[in-house]
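In the text below, chain A, chain B and the rest are named by the order of the sequence lines, each starting its count at 1. Here the structure is a predicted model, which means the values were calculated and not measured.
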2 protein chains.
Amino acid sequence: MADLKLPPHGASKHGTNPLFLRDEELRQAMELLFFAYRDFTAEPDAILAQYDFGRAHHRALHFIGRHPEITVSELLRILRITKQSLNRVLGQLVAQGYVEQRQGTRDRRQRLLTLTGAGRTLEEQVSADQRARIAKAFREAGAESVEGFRKVLLGIIGGEEDRARFDRPGAPRR
Amino acid sequence: MADLKLPPHGASKHGTNPLFLRDEELRQAMELLFFAYRDFTAEPDAILAQYDFGRAHHRALHFIGRHPEITVSELLRILRITKQSLNRVLGQLVAQGYVEQRQGTRDRRQRLLTLTGAGRTLEEQVSADQRARIAKAFREAGAESVEGFRKVLLGIIGGEEDRARFDRPGAPRR
DNA sequence: CATATATGTCAACATGGCTGACTTAAAATT
DNA sequence: AATTTTAAGTCAGCCATGTTGACATATATG
């Protein structure tokens with residue numbers, strides 16, 4: 001694969017060889033992901049900077065918000081970072097009153113994480129632009145396109161565990 | 001927006017209030033983007049590490065590959081990073097023979113960037129998993145879904161300039 | 001000729017990843 | 001009951017990649 005002899009990647013937008021067309025299609029998709037993600041994160045990053053927080057804080061706020069009483073290990077599994085990295089961020093969020101830790105009852109080793117009121121407010125504020133951006137894109141693209149968007153992104157996600165997070169009750173079974 | 005009183009973000013998967021349903025839908029989309037991007041970048045990052053390169057190098061390789069003779073300022077505009085950040089990365093790629101710089105002919109201040117053979121080989125290798133991943137997702141989701149995926153991601157991208165990059169000759173005009 | 005533009009460079013700093021080593025408390029196993 | 005495993009936290013240091021600010025050079029443009 002690495003030593004295929006190919007023309008410059010951008011060279012055959014209108015080429016006749018279907019292999020090149022396919023490559024062009026795939027590389028366009030890569031770029032779509034890059035640009036969308038770049039613009040998707042720009043605004044939240046700017047708002048967070050005012051709180052001396054970064055994208056890492058937002059990710060923690062988001063997933064704690066979505067899963068009240070989430071355990072530290074589950075959060076680590078989702079974010080795929082080390083516990084040292086997470087603890088730095090989590091410590092700040094707890095110290096500044098955005099996240100609460102409670103000892104688990106079934107397993108008292110666990111520290112269950114939940115947003116405080118301030119935490120929910122902050123998350124709402126930080127994600128407002130992202131939600132508006134997605135809403136606009138969904139509205140413009142239409143319901144069918146939204147379904148396609150979901151299907152393709154699900155296909156890109158690697159683990160069955162993570163895909164299962166998006167099972168929808170009323171969705172067509174395929 | 002920040003002081004709306006909402007239940008925990010994950011609380012109303014089957015709720016009856018359409019506002020909550022909408023919020024849930026939007027937040028799911030945010031997560032889809034997060035997980036897809038996380039898994040999309042994991043493999044390339046691992047391969048690049050063997051060359052003592054990072055994701056920033058990959059982005060440069062990708063866009064130089066897609067746009068041979070791209071100028072530094074155009075690359076900066078795409079990546080939205082400072083020229084100091086780019087130069088660090090670019091310097092390494094040039095020093096190690098993956099990227100060539102040529103003086104522009106029309107404007108001799110410009111340094112036109114192009115991948116060398118080694119650069120193309122490296123980019124091919126690093127992006128192989130990404131292309132395979134997208135190809136699999138496209139294949140499983142079907143052509144209609146791919147169209148929807150494109151439309152939604154285009155809607156997420158902010159600037160008209162960047163959207164124009166994806167104009168397709170044969171695409172339906174809507 | 002004066003000014004604006006494209007590029008490069010030096011220095012210092014911040015964020016958020018990482019590894020490795022070690023601790024504590026509680027659960028699970030033997 | 002003793003041992004081992006697990007969940008979480010901590011300290012120390014490293015690295016990649018972003019930032020700002022100041023300044024330099026060559027070339028294009030008015």
Side-chain angles (χ1 to χ4, degrees), chain A residues 34 37-38 41-42 44-64 69-95 99-114 126, chain B residues 34 37-38 41-42 44-62 64 69-96 99-114 126:
Chain A
F34 167 76
Y37 204 78
R38 182 198 67 179
T41 50
D45 285 358
I47 298 172
L48 287 156
Q50 301 168 358
Y51 291 82
D52 278 307
F53 287 154
R55 201 178 296 181
H57 299 85
H58 183 32
R59 289 197 285 248
L61 286 173
H62 171 88
F63 284 105
I64 296 172
E69 313 235 307
I70 192 175
T71 64
V72 171
S73 44
E74 173 62 6
L75 193 49
L76 285 173
R77 211 197 56 72
I78 289 175
L79 299 176
R80 299 255 216 276
I81 59 176
T82 60
K83 109 187 117 157
Q84 294 92 323
S85 292
L86 178 58
N87 262 359
R88 187 160 38 197
V89 163
L90 216 45
Q92 297 169 30
L93 291 174
V94 170
V99 169
E100 271 179 0
Q101 289 175 304
R102 279 191 22 249
Q103 194 171 48
T105 48
R106 223 191 43 200
D107 183 336
R108 293 184 323 196
R109 290 171 302 181
Q110 296 178 335
R111 296 296 130 86
L112 308 182
L113 306 170
T114 307
V126 168
Chain B
F34 167 75
Y37 205 78
R38 184 198 66 180
T41 49
D45 285 358
I47 298 173
L48 287 156
Q50 300 168 357
Y51 291 82
D52 278 305
F53 287 153
R55 201 178 295 180
H57 299 84
H58 183 30
R59 290 196 283 248
L61 287 173
H62 171 89
I64 297 172
E69 313 234 307
I70 192 175
T71 64
V72 171
S73 43
E74 171 63 7
L75 193 48
L76 284 173
R77 209 199 57 72
I78 290 175
L79 298 176
R80 299 256 216 276
I81 59 176
T82 60
K83 106 188 120 158
Q84 294 91 325
S85 290
L86 178 59
N87 261 0
R88 186 160 38 199
V89 162
L90 215 45
Q92 296 169 30
L93 291 174
V94 170
Q96 296 178 44
V99 169
E100 272 178 1
Q101 289 175 305
R102 279 188 23 248
Q103 194 170 49
T105 48
R106 222 191 43 200
D107 184 336
R108 292 185 321 195
R109 291 171 301 181
Q110 296 178 333
R111 296 296 129 84
L112 308 182
L113 306 170
T114 307
V126 167

- Message: Run the side-chain contact (heavy atoms from CB on, under 4.5 Å) test on A:F53 and A:L93 for me, step by step, so that the C-alpha distance in whole Å, both residues' side-chain angles and the decisive distance to 0.1 Å come before the verdict.
- Response: CA-CA 9 Å; A:F53 287 154; A:L93 291 174; 3.9 Å; yes
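- Judged by distance alone with a 3.5 Å cut-off, a donor-acceptor contact links the side chain of B:R109 to the base of C:dT5.
- In this entry the distance linking CG of A:D107 with C1' of D:dT5 reads 12 Å, nearest Å.
- The phosphate of C:dT19 (OP1 or OP2) has no side-chain N or O of A:T82 nearer than 4.0 angstrom.
- Atom CG in A:L93 sits roughly 10 Å away from atom P in C:dG16 (whole-Å rounding).
- Projected onto DNA chain C by closest heavy-atom contact, A:Q103 and B:T71 fall at different nucleotides, the more 5' of which corresponds to B:T71.
- Between the CZ atom of B:R108 and the C1' atom of D:dT27 there is a distance of 7 Å, given to the nearest Å.
- Distance CZ (B:R111) to C1' (C:dT9): 13 Å, rounded to an integer number of Å.
- Each of A:Q84 and A:Q110 has a nearest nucleotide on DNA chain D; the 5'-most of these lies closest to A:Q110.
- Within 4.0 Å (heavy atoms only), B:E74 reaches no atom of the nucleic acid at all.
- The NZ atom of A:K83 sits 17 Å away from the P atom of C:dG17 (whole-angstrom rounding).
- Checking the phosphate oxygens (OP1, OP2) of D:dA8, no side-chain nitrogen or oxygen of A:Q101 falls inside 4.0 Å.
- Per the geometry, CG belonging to A:L76 stands 11 Å off P belonging to C:dG17, to the nearest Å.
- Between B:T82 atom OG1 and B:L76 atom CG the span is 8.0 Å, to the nearest 0.5 Å.
- Centroid-to-centroid, the aromatic rings of A:Y37 and B:F34 stay 6.0 Å apart or farther.
- Put simply, the side chain of A:R38 gets close to the backbone of B:I78: a donor and an acceptor are under 3.5 Å apart.
- Of all nucleotides listed (D:dG9, D:dA7, C:dT7), C:dT7 comes nearest to the side chain of B:S73.
- Residues B:Q92 and A:N87 both approach DNA chain D. Their nearest nucleotides, taken by heavy-atom distance, put A:N87 toward the 5′ side.
- Heavy atoms only, all atoms of each residue included: A:H58 and A:L48 are closest at CB-CD1, 3.5 Å.
- Not one side-chain nitrogen or oxygen of A:H57 sits closer than 4.0 Å to the OP1 or OP2 atom of C:dT15.
- Nucleotide C:dG16 holds its C1' atom 9 Å from the CZ atom of A:R59, rounded to whole Å.
- The CZ atom of A:R88 sits 13 Å away from the P atom of C:dT19 (whole-angstrom rounding).
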